[in-house]
Chemist: 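Sharing a structure with you now.
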Amino acid sequence: MTDFATSPSTTTGQRLRAAGSAVASLPFAYAATLILLIAAYFMRPALLSPMLLLLIARQAAPLGLAAIGQSLCMRVLSIDLSIGGVIVGVSYILTGGLLPFSDPVLMLIAIAFGVAVGLLNAFFITRLRASSVIVTLAVTLIITGVAVAFSQLRSPGDAPEMLRQVSRLKIGIVPVALLIWLAVLIPIAVFLRMSVFGRYIDAIGANPRAAWVSGIPYVRVVTVVHVMSSLFAVFSGFLLIGFVGVGSMDLGRDLALNSLAAVILGGVTFGSGKGGVLGPTVAALMLTFSFNLLTSLGLGEPAKLMLQGLIIGVAAAAYSIQRKT
Amino acid sequence: MISFHNVTKRFGSNFALSDVSFDCKAGSVHALTGENGAGKSTLMNLLAGVFSADGGEIRLRGAPIAPERPADSQRLGISTIFQELTLLGNLTIAENLFLGREPMRRGMVDRAEMRTCARAALARLGSTLDVDTFCGDLSVADQQLVEIAKGVSTDADIFIFDEPTAALNAPEVEKLGELLASLKAAGKLVFYVSHRLEEIFRFCDQVTVLKDGAHVETRPTAGLDRDQLVSLMVGRVLSQFYPERPSGPPGGPVALEVDRLQIEAGGPQVSFSLRQGEILGLAGLEGQGQRSIIRALGGLQPAVAGAVSKHEGSQARKLDLSVVQTVLAGIGFVPEDRKIEGLYLPLSITENIGIGMLRRSSIWQMARTRRDVIASLMARMEIRSTSARQLVGQLSGGNQQKVMIGRWLASGIDVLLLEEPTRGVDVGAKAEIYALLRDFADNGGAVLMISSELLEVLGLCDRILVVRQNQIVAELEGSAASEDEVMRLALTGRAANLAESHA
Amino acid sequence: AQEEVQLLPANLIEATSPNMVPAGKFKKDGPWKIGMSFVGVGNTWIVQMIEETKLEAASNPNIGEFIFTEANWQPAKQVADMEDLIAQKVDALIVAPLAPALVKDQVAKALAAGIPVINFGTGGDILSTTVEVMGGGERFGEVGGTFLKEKLGGKGVIWAFRGIAGVTEEQQRYDGFRKAIAGTDITIGAEVYGDWNYAKGKQLCENFVLSGQPVDGIWFSGADMTRACIDVFTEAGKPLVPMTGESNNGFLRAWKGAGVDGAAPIFTPGLGPATVRAAVALLEGKSLHTHYYSSPAPIDNQNLDSYYRPDLNDAFWVTSTLPEDKIEEMFKKN
Amino acid sequence: MLDLKRRSRRTGLTPIALALPLALFILLCLSSSTFTSLENLANVNSQIAALLIASLGQAIVAISGGIDLSVGAVMGLTSAILVTVDPSLAVPLAYAMGIAVGLVNGLGVTFFNVHPLVMSLASMTFVQGLALLVNPVPGGVVPGYLRTLAVSEPLGLPAALFWSVGVILLAWYLLNRTRFGLRTYAVGANPASAQRNGVSAARHKVACYVLCSLAAVTAGIFLTARVGAGDATMGAAYSLDTVTAMALGGVQLAGGAGSVLGVVAGVLTLGLISNGMNLLGISPFLRAAVTGVLLLAAIGLQRREAIGA
Ligand SMILES: Nc1ncnc2c1ncn2[C@@H]1O[C@H](COP(=O)(O)OP(=O)(O)OP(=O)(O)O)[C@@H](O)[C@H]1O
Ligand SMILES: Nc1ncnc2c1ncn2[C@@H]1O[C@H](COP(=O)(O)OP(=O)(O)OP(=O)(O)O)[C@@H](O)[C@H]1O
Ligand SMILES: [Mg+2]
Ligand SMILES: [Mg+2]
């Protein structure tokens, strides 16, 4: 019996064609990045200096981390809008000054907080079958409401020195924050590709009911996914807070929606059960680069918003057309 | 009335239909049959406006037509009852029947009119369902009935029935036959797609056989017999439809012991055991509780009380009836609705089958896909596909069914629970699936199945438990049981002349 | 004649209108119910201002109830808040409008009901409130613009970091800045909205610095953006240029640490308590000027040390009306 | 009661969705003397009217299986248009803009197959930018006839009451009495099935997005007239507030279930929370938290078969 999945009958031509169609089906974020880079080359070549590119990559790190978590959620047909809330919570824990602990302990508490939020989201979504959009929206309302209410009692303090260092330090010209992003990204990508967990995510995304009927530990997988998403948000918050240096209640406010855009532009779609980690990463870079490009063009806020909207809309539409054909 | 001329339809580089030509007359019931994936549904979908043809043309009373969407087709007087149920759970029966062509009065939907007509349409099928029931609250069989009622309540000239009886029981099929006859008498043209040969012979005047997208034959059913039709479809004569049962009484050790399982509070309890090496069938009329029993064993539906233990060697382990636990214990469940509960349509064949092999792994482990096992399984099951990477959503119904069963066969489980193992599957594939199940049993596995096709239960099972009103009323030897006997037990709970020794 | 009412220490605020609210016009017996409608929360200045305001209200035995509402930066919510306060029959209403035009109906409604309205912040010519207690605005922007004009000798390239687009206060600061540099050879090389936010300001500044845009000085519409920019210059090893800031301890720290050439207008959180005092004065039947403006002398390189508090954290704003023990409790460096 | 449960398949209504505003109402009656004053009740009505109009539009999109985050930006742009364009053209232009935004959203979601959250996020960003371009600083003069329509008191009743009752009746008629309504439920439950029944699912969805944008324009007109000035960011909070309100009222984002009664209940709940907190002097900063808790409670008890978004 020949195994035709690995049989050597595929010709070079077939392989080339396969490679061609693989390129054609790449998420639109790749093409959009290229287009933006070319646009920058003609309009603002200074943006293309390695220094600045690395810096933009570092600016993209919080969004990139959040997008990984968001992409996991979307792959199991869920969604996480509580990312913004988690970051506000983390900010409050680290800088609110209400908890009399040392910085490392506070960071551990922040991580525990992330796990708790993930568990809460997952409980409502898996056990009570509530809509993930609404659940995570409600959780955000609760966290920000409580954090803002408490923060009125006392002004936020400084960020932990460790985080400030991390977000400032560079090794050579490479920002440490970027290295941390990569250090999280690569193992996660490998793990998702190789593990049972990754397969189960694909299956649940493709048909949650069938996943349940065929005995896939649905609740456990979705719970882990939401906990992971919240943890990514915590780490994203660590970077942001280190970057800002002082607590603030409006950190990461647009991260939830931007991460959603990054995930979709990065080629992860609801309901196909498929999608990598690289796509959202490139999309996070693309969005951050577009933000910088628009800024350096000296456009006013209105024009910037309009172009930003166009980029997201056109990129998403172009990617769908390309996928259909 | 309708004629097809060199109709061709491609999906990617796949020809689902190539150069199909034949004619159909008004005032007749025209059967369409052939193996799974032969292109029957595709051909009907062209007529229904779901797809459009890539080549050739369809003529209605001599004039070429090309409906681009279902609404166009309806306007042309074509009414379709699709193979997949299209009822909307959040609409009532009446609303579903008239969706897309709601009666209007003074700018508003005329609900009274809708209800009256809906009741009349159901009555023609002998059903007295409340037309204000939401369709989501109906059983699959009732949904199928409503679907048929919807199709025939339109004022159309051409009716398409794509496997309308897959979920129906004998009495309802009977009613459908009467309905077909009345449509025929009214001069309509009816397309009847089915794998049930006896229905084709009983209801249809003409039969068209498709194979691999090509037209094989269009003939009056009158001059045709079963074997001829089967060989037209499969291209050969099936020498043996049901596999041989092992000789001697089924005497393997117990695999699954069901002790006083109670589905509903206050309801009856059932006890039975399933042995290694046997295929056990639960027979009975629709809605008598067979489905609840098998679903409870699969962990899909909670049971109120009772104990189920799985035996391995000399050890017996009491099972906690949740899906995750039963699968871990080596029990696989094949649901009747493969698209909703069974398959991952957007994933490939490899992934659909491979996922079953992971059932004992922790989610943190690395996953291994045994491509060789999958390839040999696919070859053995004759799964028709372009490659192992083809998406399951692109396969025909029968091939999808094989993939779903194949997942469990490759996963190393030893008890298989099956609901409707051959729903919508062609004769050839059926025989193949039966052989696979028998093979599984012969290698020490145990099979428990339910089926609305009594003949299938009689032909395949070693033992049959007859279920009536949530209770097991009789146990029969598979090879000795007759259709009459099972039906009588299922209806009355009593055997005709025999003492109630089995109950 | 009565003694002049002191809303804040004399160096912090001055009466800018000769018109007076007649004595006794709103006189009422206590205890009073005073309502305040504020725009929203989000930065440390607001936190401190609210704290100071509540403390002031709590320390006056004649104030029976002080109802604070915040509109979460939504016009509709602010209108609703004011309606609710009026329906509750407050004795005096303090309003910090999101934009003056948005609340003029409610102000008129309150005045018609005999409730004195104290306008906190902006919008002199649109709102006909009883008393206006102002700060910032055009003067704020002007202080920075004048400083840069002098430092640059009337020519050079300036970057302008603005606040949140569409906020009246922001527009006024910017107008003041433009006024100050009008007629000079100073050009604006880049103009962006940094939302008064450190993270956004830093991202924008990094972009400018590393793309090598020329700069001789930077004007900021306040808050946390200056500190962000100083950090960017320091990290990039680029020599600092004159920058304007605001009277925030974090900025003062960065200013002192980096040795930047700077100027910071003072926008005191004490304006909050000042509005409460104005309300009290009206209810006590005292006569008040109709317009007060806070524009203390800015902080500059010379007097920096007298304002900077190394023992407190970055969230502290000068000049505060809080008692010292309260300041230490709230802002002690941890 | 039984009927409520049976019909919840379509309405999404649960006892808690209806009980929430009632309980809040009773609580406020008992704890605040101001609450029952005619003035305050009129205030509450005026405060929630815009949210009600916008939420009913959002609910139609949700029932058809989508979501529209651009509602708030459309309200902002409406406001900007009203105070910058010639008064006689302002209203028609605003509605034309609404139709355009709805078409873009609808076509993006159906023909380009972009996820509604992302599609409307893109249009939200664009429209918000456009609004700021049209009217950078709040202010301007609202056409007089609009002011009259929003703040007058015919028959001694607040104008907001007439607006509210009007849109409620209109939405109720549309969803429960017309072909369009029935098909919206069908498309939302399963577009492919609806399509096979002869309903053009794509065209229908586009129509729903257009309706939603038109509702947003109407809400924007009411709000601008009520406030008496234009502001490009006037609607910023409404995108999420409309989603919250309809979710409180049992409208399901998965599509196919929802009711006008539910939306009214949800909007009332939000309005009473806001008003109640102001009256009772509860820290306004807790408002979001309270809303979140109620939202979790309400959806935790909703009946849903699907798991997911
Ligand atoms: N949407 C689709 N995309 C790609 N291929 C398809 C699609 N629908 C059908 N096919 C392919 O077209 C062929 C004919 O399928 P069709 O559904 O018409 O078969 P059928 O005769 O109705 O089979 P069954 O008896 O199983 O219902 C099959 O090979 C199937 O894989
Ligand atoms: N190809 C065949 N060769 C031998 N016997 C056959 C064959 N097909 C059917 N039979 C016999 O005919 C009887 C009816 O079988 P079955 O229920 O499978 O047929 P059906 O319902 O008419 O349609 P289909 O064969 O499509 O499922 C069975 O007893 C079976 O043994
Ligand atoms: Mg078919
Ligand atoms: Mg059969």
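Numbers restart at 1 for each chain; the letters A, B, ... are given by sequence-line order, proteins then strands.
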Chemist: So, taking the atom named OG in Ser213(D) and the one named CD1 in Ile99(D), what distance separates them when rounded to the nearest 0.5 Å?
Modeler: 9.5 Å
Chemist: Using heavy-atom distances under 4.5 Å, tell me whether Leu69(D) contacts chain A through its side chain, its backbone, both, or neither.
Modeler: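 Contact with chain A is through the side chain of Leu69(D) alone.
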Chemist: When you measure from the side chain of Thr223(A) to the backbone N and O of Val219(A), does any donor-acceptor pair fall under 3.5 Å?
Modeler: yes
Chemist: Between Met74(A) and Ile264(A), is any pair of side-chain heavy atoms under 4.5 Å apart?
Modeler: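 Met74(A) vs Ile264(A): side chains touch.
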Chemist: Report the option among Ala315(A), Ala147(A), Gly309(A), Ala316(A) that has the most heavy-atom pairs separated by less than 4.5 Å from atoms of chain D.
Modeler: Gly309(A)
Chemist: So what's closer than 4.5 Å to chain A heavy atoms on Leu121(D): side chain, backbone, both or neither?
Modeler: side chain
Chemist: Looking at chain D, which one of Ala317(A), Ala261(A), Ala303(A) has the largest number of heavy-atom pairs inside 4.5 Å, strictly under?
Modeler: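 Of the candidates given, the most pairs with chain D belong to Ala317(A).
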Chemist: Would you say the side-chain atoms of Ser230(A) pair up with the backbone N or O of Val227(A), donor to acceptor, closer than 3.5 Å?
Modeler: no
Chemist: Give the member of Ala122(D), Ala131(D), Pro136(D), Ser123(D) that has the highest number of heavy-atom pairs under 4.5 Å with chain A.
Modeler: Ala122(D)
Chemist: For the candidates Thr291(D), Leu296(D), Ile67(D), which exhibits the highest count of non-hydrogen atom pairs separated by less than 4.5 Å from chain A?
Modeler: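 Looking at each of Thr291(D), Leu296(D), Ile67(D) in turn, Leu296(D) comes out on top.
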Chemist: Between Ser132(A) and Asp80(A), is there a side-chain donor-acceptor contact under 3.5 Å, judged purely by atom types and distance?
Modeler: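 Distance-only check fails for Asp80(A) and Ser132(A).
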